[in-house]
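Only this structure's heavy atoms are used, side chains among them; waters, hydrogens and symmetry mates stay out. All chains are named by letter (A, B, ...) in the order of the sequence lines, taking the proteins before the strands, and each is independently numbered beginning at 1.
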There are 2 protein chains.
Amino acid sequence: MGIASRKEREKAEMRRLILGAAHDIFKENGYDGLNIRSIAERIEYSPATIYLYYKDKNELFFALQYEAAAAKRDHLLPAASIEDPWQRLVEFGRLYVDFGLKHPDWYDLLFLTRAPMEHIENQDCWTLGMATHSFYVETVEACVAARYFKSTDSATIAYTLWCHAHGLVSLFVRERMRMYPPEERGELARKSFAMIVKMAESL
Amino acid sequence: MGIASRKEREKAEMRRLILGAAHDIFKENGYDGLNIRSIAERIEYSPATIYLYYKDKNELFFALQYEAAAAKRDHLLPAASIEDPWQRLVEFGRLYVDFGLKHPDWYDLLFLTRAPMEHIENQDCWTLGMATHSFYVETVEACVAARYFKSTDSATIAYTLWCHAHGLVSLFVRERMRMYPPEERGELARKSFAMIVKMAESL
DNA sequence: TGGAATTACTAAACGACGTTCAGTAACTTT
DNA sequence: AAAGTTACTGAACGTCGTTTAGTAATTCCA
């Protein structure tokens, strides 16, 4: 089956080539600056060719979102090896915020972009994101099991802490912090993270 | 000055007519479904006419954002009359979340839309939003002054609580809660709000 | 091996969008 | 009544995602 498998390989390579170009353009100009024609130009094919490998721009969006989810997972990975669940949870949160502030475009793509959310459950990016999320929830559950909190409602605890971290990053990413001088924003984020950690200790 | 003032009045009326149509279309189809041609069609003018009253779509966006900011202020208003600063703060937060969940489009416009954020400080919508925000911060400061918290860092407290509320609403508005069954989401939001209130009591 | 079938690709177009501009008709001024 | 100003529009431009009809190259099968 030489030919068939070579064809398949070439197809995968082409998808990879397209996605790579999309990735580069995205990093340079953000998702708004990413369009089919610019991808085509960069890989020196016609725009119509893109559609032979990706159904539409949404499919490309999902593929790109997978990359973002992988980058996020890799960023959070160091926390996974921390034994103590509370220490792990804190470091997890710190790295989550750190990722969002360092890679606003990727965070945007993952959580802030208005995207075709129908059927996203079937997408790889969702599966990967859910794996990371599950690990987070399990860490909170481990804290509860080890009696780090008085409360035992691990689901609400996990959600509440996530809301804070997500809100913090979102306000940065979408530039809704103009009432604070730019040079104070980073410090404020750090203080707020420290505060929510303190608050969580009293849960 | 009869003619000049009539002209001015007519100009203002026309701006109002355009904005009204934009408002309606926005409520029906969201910001994505709002375009110049649909506004023009609704008010029975040519698309080019719109540009005689609004410089570009961004200016219309700001005008619409002002409406959203006004709606938000009105929604939060009942909290303002509560005497006790802590009670006022809690009700303020509850109404904030309530507004976001009831009017996701408006919340989106205010806090989630990637918009021309340069020079927004000069826009009316920003001024109005800042007034509401200041009232919120002052309420936190009043809590601090009345020793409702051990911490005296009112700026960080205000910011931290805002992060939670904003994160909570944002996850709803941008549909990033698909891992929770739809019927549980409202309950989770309520529980999380109750939890952050409890946590704040220990600050 | 040669003709048929399939594949890989593209030029050109479609329709929707924001926006601009030249031109026209109505109104205002003198 | 002529000149100047204002309000408005049809038609176009350039951008976008996407589709279609066609062409050249490759693969299949007799």
Qualifying residues under side chain to side chain contact (heavy atoms under 4.5 Å, CB included), relative to B/P182, sequence neighbours excluded: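 Testing B/P182 for side chain to side chain contact (heavy atoms under 4.5 Å, CB included), a comparison that skips the adjacent residues, returns B/R185.
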
In whole angstroms, how far is the [atom2] atom of [N] from the [atom1] atom of [X]?
| X | N | atom1 | atom2 | result |
| --- | --- | --- | --- | --- |
| A/I25 | D/dC16 | CD1 | P | 11 Å |
| A/I39 | D/dC16 | CD1 | P | 11 Å |
| B/K55 | C/dT19 | NZ | P | 8 Å |
| B/F61 | C/dT19 | CZ | P | 13 Å |
| B/Y54 | C/dT19 | OH | C1' | 17 Å |
| A/I50 | D/dG17 | CD1 | C1' | 12 Å |
| A/N29 | D/dC16 | CG | C1' | 15 Å |
| A/E10 | C/dT7 | CD | C1' | 11 Å |

Got a list of side-chain donor-acceptor pairs under 3.5 Å for residues 43-50 of chain B, not counting sequence neighbours?
from, atom 1, to, atom 2, distance (Å)
B/S46, OG, B/A48, N, 3.1
B/T49, OG1, B/S46, O, 3.3

Sugar-phosphate only, base, or nothing, as touched by B/Y53 at under 4.0 Å among non-hydrogen atoms: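 Counting heavy atoms under 4.0 Å across all strands, the contact made by B/Y53 is with sugar-phosphate only.
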
Within 6.0 angstrom of A/E41 CD, more than 12 heavy atoms from elsewhere: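 Atom CD in A/E41 is not crowded, with 12 or fewer foreign heavy atoms closer than 6.0 Å.
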
Residue pairs fulfilling side-chain hydrogen bond (donor to acceptor under 3.5 Å, both in side chains) with at least one residue in residues 77-101 of chain B, sequence neighbours excluded: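 Qualifying pairs, neighbours excluded: B/H75-B/D98, B/D84-B/Y148, B/R88-B/T139, B/E91-B/R94, B/Y96-B/Y107, B/Y96-B/W162, B/D98-B/K102.
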
Of all pairs that satisfy side-chain hydrogen bond (donor to acceptor under 3.5 Å, both in side chains), the ones with a partner from residues 194-203 of chain A, not counting sequence neighbours: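 Those involving residues 194-203 of chain A are A/S202-B/S202.
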
Show the atom names and distances, to 0.1 Å, of all donor-acceptor pairs under 3.5 Å that link a side chain in residues 119-132 of chain A to residues at least two apart or in another chain.
from, atom 1, to, atom 2, distance (Å)
A/E121, OE2, B/R178, NH1, 3.3
A/T127, OG1, A/Q123, O, 3.2
A/T132, OG1, A/L128, O, 3.2

Could you tabulate the donor-acceptor pairs under 3.5 Å formed by side-chain atoms of residues 11-25 of chain A, not counting sequence neighbours?
from, atom 1, to, atom 2, distance (Å)
A/R15, NH1, A/Y53, O, 2.7
A/R16, NH1, A/E67, OE2, 3.4
A/H23, ND1, A/E67, OE1, 2.6

Please list, pair by pair, any protein nitrogen or oxygen found under 3.5 Å from a nitrogen or oxygen in nucleotides 14-18 of chain C.
from, atom 1, to, atom 2, distance (Å)
C/dC17, OP1, B/N35, ND2, 2.4
C/dG18, OP1, B/K57, NZ, 3.1
C/dG18, OP2, B/I36, N, 3.0
C/dG18, N7, B/R37, NH1, 2.6
C/dG18, O6, B/R37, NH2, 2.9

Geometric class of the A/W106/A/F99 ring pair [parallel <30°, tilted 30-60°, perpendicular >60°]: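 If you compare the ring of A/F99 with that of A/W106, the planes turn out parallel.
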
For residues 186-195 of chain B, which side-chain N or O atoms pair as donor and acceptor with protein atoms under 3.5 Å away, sequence neighbours left out?
from, atom 1, to, atom 2, distance (Å)
B/E187, OE1, B/R190, NH1, 2.8
B/S192, OG, A/T160, OG1, 2.7
B/S192, OG, B/H164, NE2, 2.9

Name the pairs: protein N/O against N/O of nucleotides 9-11 of chain D, kept only if under 3.5 Å.
from, atom 1, to, atom 2, distance (Å)
D/dT9, OP2, B/S46, N, 2.9
D/dT9, OP2, B/T49, OG1, 2.4

